[in-house]
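Counting starts at 1 for both ligands and their atoms, following the listed order. One is the number of the first residue; the rest follow in order along the sequence. The structure presented is a predicted model; accordingly, all values stated were derived computationally and were not measured.
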Amino acid sequence: MARRRVAVLISGRGSNMQALIDAAARPDYPAEIVRVVANVPEAGGLARAAAAGIATETIDHRKFPDRPAFEAALDASLRACDTELVCLAGFMRLLTPGFVEAWRDRMINIHPSLLPKFPGLDTHARALQAGERLAGCTVHFVRPVMDSGPLLVQAEVPVEPGDDEHRLAARVLQAEHRAYPLALALVASGRVQVAGEQALIDGQPGPIRLH
Ligand code: GRF
């Protein structure tokens, strides 16, 4: 089966990007990472991607007059390498509805909470503050409203006594590195359909839950 061509968008260290690169190194994985794009030159993931032999590009959003101009450059970069699927992996720019709709059901994101709980920033501190017993992460199709969209995979991790946000974040991050490659594999292999804003995975309502 032909492997789907995937671009990964990052803003930071790129550990989820690395998990996708590692998964895609397996010959039976249904996707290949063809390009990594960062919106800031200091994103540490750029060096990791280059070390893995993947083409990288920085499209610095600060060099564009507005969001649509930045996104036009991003879109052109993605299309130049025949991108079929886009993975947001710690990409810290809000995307306009125009860009999101252009990649509808072909762009996925990972978020470090069990959505719909705790969209936005500081998820772990907020989960601890709320007294949650379970934390985790979610991979979902991207929609114009931040951290919303049909859910593909959720991985749950326990909140443990004595956790602070850093300990909890580290535990959730390990789960992220399992959840994201699984979610991308599901989408890339054509096992996901979207019906009524719900992801159907092999015909069953998502998300798949990892424990
Ligand atoms: C992850 O926690 C991800 O869920 C969130 O941003 C963080 C990125 O980490 N969207 P990394 O750059 O993949 O290590």
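If you run side-chain contact (heavy atoms from CB on, under 4.5 Å) between Leu9 and each of Val86, Val36, Asn39, only Val86 comes through.
In this view, Arg167 and Glu160, Asp163, Asp164, Arg171 satisfy the side chain to side chain contact (heavy atoms under 4.5 Å, CB included) rule, not counting sequence neighbours. Applying the side chain to side chain contact (heavy atoms under 4.5 Å, CB included) rule to Arg209 yields the partners Gln154, Glu156, Pro207, His211; only residues at least two apart in sequence or on another chain are considered.
Counting only distance, with no hydrogens or angles, the side chain of Arg35 and the backbone of Leu78 share no donor-acceptor pair below 3.5 Å. Judged by distance alone, the side chain of Glu176 and the main-chain N or O of Ile110 form no donor-acceptor pair under 3.5 Å.
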Side-chain polar contacts of residues 114-122 - donor-acceptor pairs under 3.5 angstrom, sequence neighbours left out - could you list them?
| residue | atom | partner | partner atom | Å |
| --- | --- | --- | --- | --- |
| Lys117 | NZ | Glu132 | OE1 | 2.9 |
| Lys117 | NZ | Glu132 | OE2 | 3.4 |

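Contact residues for ligand 1 (protein heavy atom closer than 4.0 angstrom to any ligand atom): Arg13, Gly14, Ser15, Asn16, Gly90, Ile110, His111, Pro112, Glu176.
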